[in-house]
Amino acid sequence: MENDRPDGRTANQVRPLACSSSILHRAHGSASWTQGETKVLAAVYGPKAGTKKNENPEKASIEIIWKPKTGQIGWTNTLLISTITFHLKKQNYYFFSHCLGKVEREQVMFSDMSLLPCAINASSAALVDAGIPLKHLAVAICCSVTDSGCIMLDPTKGEEEKMKAFAYLVFPNAIVSVLPERPLQVGSEPMTNGIMTSVTQGAMSVDEYFHCLERGRAASAKLSEILRKNLGSKSTSEASKAG
Amino acid sequence: MGVPNASEDLSSEMEVDAFRRLFPLRFFERHLAESIRPDGRPLGKARETSIFLGAVASANGSALVKIGSTTMLTAIKMEVMTPSLEAPDEGCLAIDFHMPPICSPIVRPGRPAEASPVVSKQLSDTISSSRMIDLKDLSLVSGKAAWMAYLDVYCLDADGALFDAALLSAVAAISNLEIPAVAMNDDGKIVLVSDEDGQKRAQEPVNKEKRKLTLRSIPFSLTCILHKNYILADPTAEEESIMETHVTIVLDTSGQLISLYKPGGPVLAYTSAIQDCVAITRQRVKELKSFLDKENSAMEV
């Protein structure tokens, strides 16, 4: 495997991760997700009562407030907001629908690249921290394709300029169930292979996209372990406090 | 007793319209089980598509596109600007998508539609990713003057698959675009050359003749709904509101994947579903390309 990344990572290696939850006191749930130089802080406020006009009272609704560290809320952020809105609202709404409430969230950005995956990971963790029932725990990853067709995971801002295309992929976390033999296969594929969200930029061949999917799935399995470990340790420590 | 059973029982007694309003999802699923949609289309078929080039006479390039009743009007206006220092020999393309209140009952006057910035961003991403326009083509005098093309897409009727119609009308307008002839006058300013005095001013350094852009490859898109194991191509607004998982695939005429956009949704997309969507999109790209070629050749005659 060639190793020509400036920070010495291999093509399949993501940047060092850090995740911590319950860092804000006033929010109902909060989490920060750090991936190399990229850091996202997410806070969840809610569920709250009351509906606005044009909101379906039988579904939960989510309001997303996105605050970049510097600069204005640009076009990129608009797309990010819409992706996260869709991603959370639709993924949750069956499970959410009984809360009939409103969840508000706020994000402060420390800008660099792979914002979208980082933001999604942070918001997943924050939603879990707020105790909101989710359908899936989302795990997001950025794959990039070089001119020669090589796929590199989690590119930094410097590497980004050399890439011809990107794919931001979100996969569901594997369900770890106490019930044995829960059907996790859908057709011939495991449930975790399903794409929750996909956003691409730049031109690539269809085959390259499928390669990205494979690599992304492999990496997201690792990421979801980390996310789960982090959240699990928190919930047990809280339980011991209570007891 | 579950709701599905209740609706099943009621469906034999209720009028079709009442059933459609009360149990929209059941209504659709009953159709899907018969491999047909309420508007009579098979699942994988797009609605009737028409392209009308040169709809706006005052613009440098324009197109009116209808996919079913979704209607988009695109007009391109060219202006001379000073290029930026970073790219002295490149022009610029500014893309905007407008959703006026007339287009849909959801859009209220005074409040911008939620979908419009997203479609706008998708459009500019797609057109820049596909590299269909060489921005160097829009240069006039390196470092001094270049074309600024304002491409505005107006949604006149929003009945589903907004991005598909918007992209089709944008590429149709670009293929219709005619760059006006300009000349540099004695003060070093760029002036338009009208047809009548073209001959008279021939001795002046005319920079460009009236010309069309050369397009490298043209992107076309298709939105599909994923619902259970069904794939519905080119959804209407009603279908989009009932079944909430959409996948938009953009392929260009050389078969490259320009964009695969799936904004969440309750249904997960598996590899096989994505492959099926790509296959449907390939066919649609061929179809749309032949439509556009036909219109363009009709314009030349």
Side-chain angles (χ1 to χ4, degrees), chain A residues 53-54 56 59 73-95 120 135-136 138 145 164-172 186-210 212-214 217, chain B residues 95-96 105-108 111-112 114-126 128-132 216-217 219 226 228-229 241 243-252 254-275 277-279 281-282:
Chain A
K53 255 186 189 171
N54 293 334
N56 186 345
K59 284 183 191 173
I73 303 175
W75 288 120
T76 323
N77 291 353
T78 320
L79 184 73
L80 296 186
I81 289 170
S82 88
T83 312
I84 295 173
T85 315
F86 271 111
H87 155 81
L88 292 172
K89 194 191 281 177
K90 293 186 172 169
Q91 145 212 354
N92 298 339
Y93 90 83
Y94 291 120
F95 276 67
I120 290 171
K135 197 174 177 190
H136 306 288
V145 185
K164 70 166 179 176
F166 303 91
Y168 303 102
L169 302 166
V170 184
F171 298 102
V186 177
S188 58
E189 291 178 276
M191 193 273 290
T192 47
N193 271 8
I195 306 164
M196 237 175 195
T197 302
S198 155
V199 179
T200 67
Q201 250 174 36
M204 61 180 128
S205 72
V206 178
D207 287 339
E208 281 166 347
Y209 180 76
F210 284 110
C212 282
L213 280 186
E214 276 169 30
R217 277 170 188 149
Chain B
I95 297 173
D96 218 346
I106 302 166
V107 185
R108 298 280 192 80
R111 274 183 240 161
E114 270 178 38
S116 71
V118 181
V119 176
S120 187
K121 165 77 180 149
Q122 271 183 288
L123 274 178
S124 45
D125 264 5
T126 304
S128 66
S129 293
S130 71
R131 301 199 190 111
M132 80 183 274
R216 281 187 230 177
S217 61
L226 301 181
K228 293 186 176 164
N229 288 327
S241 67
M243 294 166 279
E244 293 176 311
T245 313
H246 315 153
V247 180
T248 302
I249 297 181
V250 186
L251 292 173
D252 71 4
S254 60
Q256 287 270 306
L257 181 76
I258 306 297
S259 158
L260 196 149
Y261 181 66
K262 177 181 185 286
V267 178
L268 299 173
Y270 294 95
T271 314
S272 57
I274 297 285
Q275 273 164 344
C277 288
V278 170
T281 311
R282 280 219 172 94

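- Listed by chain and residue number, B:Asp252, B:Thr253, B:Ser254 satisfy the side chain to side chain contact (heavy atoms under 4.5 Å, CB included) test with B:Ser217 (two or more places apart in sequence, or in another chain).
- Residues B:Thr245 and B:Lys262 have side chains in contact (heavy-atom distance under 4.5 Å, counting atoms from C-beta outward).
- Ranked by heavy-atom pairs under 4.5 Å with chain A, the first of B:Val267, B:Val278, B:Leu257 is B:Leu257.
- Interface residue A:Phe210: only side-chain heavy atoms are found under 4.5 Å from chain B.
- A donor and an acceptor atom, one from each side chain of A:Thr197 and B:Tyr261, are nowhere located under 3.5 Å apart.
- Among B:Leu260, B:Ile274, B:Ile258, the residue making the largest number of heavy-atom pairs under 4.5 Å with chain A is B:Leu260.
- Between A:Gly202 and A:Ala165 the shortest heavy-atom distance is C-CB, 3.9 Å.
- No other option in A:Thr200, A:Leu213, A:Ile195, A:Val206 has as many heavy-atom pairs under 4.5 Å with chain B as A:Ile195.
- A heavy-atom distance below 4.5 Å is found between the side chains of A:Tyr209 and A:Ser198.
- Only the side chain of B:Leu251 comes within contact range of chain A, with heavy atoms under 4.5 Å apart.
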